[in-house]
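Report on one structure; see the data block that follows.
Every number for a ligand or one of its atoms is a count from 1 in the order of the listing.
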Amino acid sequence: MRNTETEPPGFGGAEAEARTLDAADPGHRHLFLVPPAEGGRYPEVAYLAGNSLGLQPRATREELLADLDSWRRLGVEGHLEAKRPWLPYHEFLTAPAARLVGARPAETVVMNSLTVNLHLLMVSFYRPAGERTRIVIEDSAFPSDSYAVRSQARFHGLDPDTAVVRLTPRPGEDTLRTQDVLDFLAAEGHTVALLLLGGVNYLTGELMDIPAITAAGRAAGAVVGWDLAHAAGNVPLALHDWDVDFAAWCSYKYLNSGPGALGGVFVHERHLGDPALPRFEGWWSTEAATRFEMTPVSRPPATVEAWQISNPPIFAMGPVRTSLELFDSVGMPALRERSLRLTGYLEGLLDEVTVDRPLTVVTPRDPARRGCQLSVRIGAGSANELTKRLRHEHGVIADAREPDIVRFAPVPLYSTYHDCWRVADALAATVEKQS
Ligand SMILES: Cc1ncc(COP(=O)(O)O)c(C=O)c1O
């Protein structure tokens with residue numbers, strides 16, 4: 001704690017404490033490339049934007065170069081002869097991706113981008129019929145999901161304004177209560193065809209009670225899918241045991257696989273091989289063994305690979321594989337432990353900064369109801385302006401969601417206690433105290 005006689009005011013005193021914590025709990029920062037700072041007193045940025053785009057693992061460049069080299073040396077023969085042959089390349093990602101989300105390998109595949117995958121999954125799992133026509137999302141769903149479900153409703157000839165239900169928090173509250181979702185399902189579940197929520201909300205950082213909501217949704221007769229963009233690699237998941245119908249996630253946030261990186265898909269075992277489920281197909285939907293028989297009719301496997309359509313982009317698969325190997329070697333349980341420590345530390349510092357400034361943490365206080373992200377609502381000025389100043393004056397990278405939310409994510413793989421301290425120090429210097 002700060003000694004007010006010998007240490008500078010503000011957050012100066014806590015800096016030594018942050019350094020001590022880092023020495024005791026160093027994480028895996030050495031495996032990542034941290035961008036240089038363009039402002040402030042430190043050579044590297046304090047990177048708190050891994051909820052938006054994760055940092056580059058050092059191993060990624062080597063792996064990409066190796067794949068490029070296979071192409072140079074082998075040309076088309078690389079499909080079979082590359083160190084990791086391109087034909088079955090997606091299979092190298094399946095087992096680690098399945099471990100990450102608590103799935104069986106047959107239930108998991110890496111392909112396409114997130115919103116594309118949500119659409120492909122809704123082809124199978126949003127099948128409005130009779131009075132069961134509605135899609136339920138959270139009001140603060142990521143806009144891409146809102147657009148996706150509205151366009152799905154229109155695709156089925158429905159009016160999106162009535163077919164899409166947006167669940168809102170109670171007046172004066174920022175996050176959804178699980179009980180309110182359960183109550184809604186108890187009352188109106190018979191009208192719901194699909195419940196599609198974010199596992200961790202992109203704006204508030206709230207971690208939903210995925211097992212409880214899934215169970216209630218399914219008990220009400222709805223299909224339950226999850227957008228895990230902000231959950232995969234952030235919180236432990238057990239999609240198979242939780243009986244989730246389907247899920248999709250991206251790999252550019254906590255999975256550190258690069259901008260626009262490929263997404264992952266989960267379909268529960270009970271749906272695999274079901275000929276009654278509509279699906280869009282291409283040559284990657286058919287059994288690998290028959291792919292080159294060039295027959296006019298596909299023979300889809302009884303795995304989630306039946307949802308694949310095209311042959312995958314190998315140079316985009318490599319970074320995902322590298323990242324998943326990293327998660328495998330560190331393990332989600334250890335990462336979650338460090339995540340709880342880091343985010344709890346940042347929360348304590350934010351409590352000190354926000355007490356007399358127009359700043360409010362809107363993420364749930366209960367660590368069980370959040371991942372690593374803490375979202376701060378600013379009561380004055382613009383979120384964009386604040387993040388610009390944090391970056392240029394202090395070398396702190398956070399991200400703004402206009403009009404008034406700034407998100408800070410201490411990522412357990414590479415963020416440090418000192419990064420958290422820099423956030424608090426920069427906010428204290430940038431946001432004026434209220435008189
Ligand atoms: C929760 C959520 N859903 C969907 C998307 C869109 O992802 P993509 O552009 O990969 O389709 C994002 C992107 O950040 C997101 O955060």
Using a 4.0 Å cutoff against the non-hydrogen atoms of Leu114, which atoms of ligand 1 qualify? 3 (N), 4 (C), 5 (C), 7 (O), 8 (P), 10 (O), 11 (O)
What verdict does the side chain to side chain donor-acceptor pair (under 3.5 Å) test give for Arg401 and Tyr202, after you've listed the backbone C-alpha separation in whole Å, the side-chain angles of each residue and the deciding distance to 0.1 Å? CA-CA 10 Å; Arg401 285 291 171 262; Tyr202 88 98; 5.5 Å; no
For this output row, return yes or no: ring centroids of Phe266 and His240 closer than 6.0 angstrom. no
Does Asp161 come within less than 4.0 Å of Arg150, counting only side-chain N to carboxylate O? yes
Would you check the N or O atoms of His230, main chain and side chain alike, for any that come under 3.5 Å of an N or O of ligand 1? yes
Considering the heavy atoms of Lys253, write down every atom of ligand 1 situated less than 4.0 Å from one of them. 13 (C), 14 (O), 16 (O)
Run the numbers for me: atoms of ligand 1, each under 4.0 Å from some heavy atom of Tyr252, listed by number. 6 (C), 7 (O), 8 (P), 9 (O), 10 (O), 13 (C), 14 (O)
Salt-bridge contact Asp245-Arg270 (side-chain N to carboxylate O under 4.0 Å): yes
Quick one: does Asp145 get an N or O within less than 3.5 Å of an N or O on ligand 1? yes
Using heavy atoms and a threshold below 4.0 Å, how should the contact between Asp227 and ligand 1 be classified: side chain, backbone, both, or neither? side chain
Counting the benzene-type ring for Trp, do Phe315 and Trp71 have ring centres under 6.0 Å apart? yes
Below 3.5 Å, N or O to N or O, backbone or side chain included: is there any such pair between Ser113 and ligand 1? no
